[in-house]
Protein chains: 2
Amino acid sequence: MPQRAVEDVLWAYYFRLMDLKKDFRFKYVLIFKNEGEVAGSSLEHSHSQLIALPIIPKTVKEEMDTAKQYYDSKERCIFCDIINQEIETGKRVIYENDKYVAVAPFAPREPFETWILPKLHESNFGPSDKSFSGLADIMQRVLKQLDKVLDTPPYNFILHTSAFKDEINDYYHWHIEIMPKLTRTAGFEWGSGFYVNPTPPEEAAKFMREAKI
Amino acid sequence: MPQRAVEDVLWAYYFRLMDLKKDFRFKYVLIFKNEGEVAGSSLEHSHSQLIALPIIPKTVKEEMDTAKQYYDSKERCIFCDIINQEIETGKRVIYENDKYVAVAPFAPREPFETWILPKLHESNFGPSDKSFSGLADIMQRVLKQLDKVLDTPPYNFILHTSAFKDEINDYYHWHIEIMPKLTRTAGFEWGSGFYVNPTPPEEAAKFMREAKI
């Protein structure tokens with residue numbers, strides 16, 4: 001896809017979010033993409049999905065509550081702290097441009113789990129300086145790196161953004177989580193909520209950085 | 001497997017639990033089985049798995065806390081209430097013998113999700129009247145029904161039992177959860193913690209009851 005087409009996809013996400021916000025039935029809109037059959041994709045044509053929900057989903061609520069707890073005790077956004085620390089050490093940074101950074105998170109649930117975050121605090125998904133060019137650049141770059149390193153793996157990505165009722169806040173920081181599907185979720189993960197991941201994030205980030213694309 | 005061999009497997013679970021309890025490093029022991037490659041099985045030979053953990057896992061803690069909340073407000077075990085209600089209505093009952101009942105839970109996460117529970121309150125996994133014959137009977141029966149109805153599907157089952165530090169209590173009720181892997185966990189499930197299930201539990205239970213084995 002040319003980068004402009006990726007920007008159009010991101011604008012479509014944004015306009016759908018802005019429009020659905022007007023409908024008082026909805027508390028949260030989940031946007032995600034399943035790529036490849038193993039990742040649950042049901043159509044061959046490349047597509048994203050959007051589900052508007054009358055409640056804030058469990059996983060989203062847990063993340064928000066934890067971010068809020070951290071903010072209440074430190075008066076700093078946990079994601080801003082993570083970004084500063086990751087950029088300082090550099091070991092888990094995959095790619096960065098002016099506005100965004102892609103990292104292998106410190107405790108990834110699956111091999112090559114990758115997060116893309118705006119460098120400056122933004123609680124709510126939207127264009128930066130009225131443009132999605134920086135986000136399209138990093139999304140495209142990271143997905144190409146994944147394709148190169150893992151031979152076009154199936155993956156899911158999920159947009160994590162604030163709930164409608166509390167869109168602008170100091171404690172939450174929108175981001176995109178990309179999960180290549182290389183391992184299987186089995187009894188241990190189901191039964192515990194914990195994940196077994198054989199790939200250290202420092203190694204995954206190094207492979208990704210060194211991918212020739 | 002002859003029923004006696006299934007009883008031996010259950011005794012092995014029990015003896016391993018009893019032995020690991022003596023090791024003060026462990027707070028919880030998770031016992032589960034992954035059957036079939038899609039369900040995460042890595043060995044061809046039929047086997048169960050046991051993982052002893054130094055903390056109570058997230059999923060287990062959530063279930064315990066919720067059961068405790070219910071008990072604190074009603075002074076009744078939530079699982080005892082579910083069992084009584086399910087046996088009374090009958091629609092979601094799959095099979096029962098003297099001591100155990102197998103049901104399709106009211107809000108199953110996946111098609112044909114099946115729970116096996118002791119009919120009388122027992123917080124902690126163990127033999128009933130010093131025998132595992134009733135449990136072996138219902139386990140074998142239900143797994144045969146699943147194999148018949150779904151053509152030997154991949155599945156996970158997980159033993160849900162109390163944590164070592166609070167083994168005997170009034171609020172939790174041990175049980176086994178069986179999850180055939182018919183659908184794929186994709187972006188929506190990852191992002192929300194909610195599950196899309198196209199099969200009503202009443203239909204799944206009916207298919208299971210009518211399976212000729």
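Values below: all heavy atoms of this structure, side chains included; hydrogens, waters and symmetry mates excluded. Numbers restart at 1 for each chain; the letters A, B, ... are given by sequence-line order, proteins then strands.
- Enclosure of atom OH in Y195(A) by more than 12 non-hydrogen atoms of other residues, nucleotides or ligands within 6.0 angstrom is indicated.
- For a residue to count as touching a neighbouring chain, one of its non-hydrogen atoms must lie under 4.5 Å from one of that chain's; by this rule K181(A) touches chain B with the side chain only.
- Atom OH of Y95(B) is surrounded by more than 12 heavy atoms from other residues, nucleotides or ligands within 6.0 Å.
- The interface of residues 46-58 of chain B with chain A, defined by heavy-atom distances below 4.5 Å, comprises I51(B), L53(B), I55(B), I56(B), P57(B), K58(B).
- Top candidate by heavy-atom pairs under 4.5 Å with chain A, chosen from E177(B), E62(B), E63(B), is E62(B).
- Partners of T199(A) according to the side chain to side chain contact (heavy atoms under 4.5 Å, CB included) rule, which considers only residues two or more places apart in sequence or in another chain, are P111(A), F112(A), N197(A), A204(A).
- A186(B) and N34(A) make their closest contact through CB-ND2, 3.3 Å (heavy atoms, listed as atom of the first residue, atom of the second, distance).
- E37(A) touches chain B through backbone and side chain together, each having a heavy atom under 4.5 Å away.
- The shortest side-chain heavy-atom distance between W190(A) and R109(B) falls under the 4.5 Å cut-off.
- Comparing G187(A), G191(A), S41(A) by how many heavy-atom pairs each has under 4.5 Å with chain B, the most go to G187(A).
- More than 12 non-hydrogen atoms from other residues, nucleotides or ligands lie less than 6.0 angstrom from CD of Q3(A).
- With a 6.0 Å radius and a threshold of 12 heavy atoms from other residues, nucleotides or ligands, K27(A) has its NZ atom at or below the threshold.
- Among K33(B), H160(B), M179(B), the residue with the largest count of heavy-atom pairs under 4.5 Å with chain A is M179(B).
- Looking at F194(A), only its side chain comes within 4.5 Å of chain B, counting heavy atoms on both sides.
- Scanning both residues, G193(A) and T59(B), for their nearest heavy atoms gives N-OG1, 2.9 Å.
- Atom NZ of K206(B) is surrounded by 12 or fewer heavy atoms from other residues, nucleotides or ligands within 6.0 Å.
- Few gaps surround CD1 on I213(B); more than 12 heavy atoms of other groups in view lie less than 6.0 Å from it.
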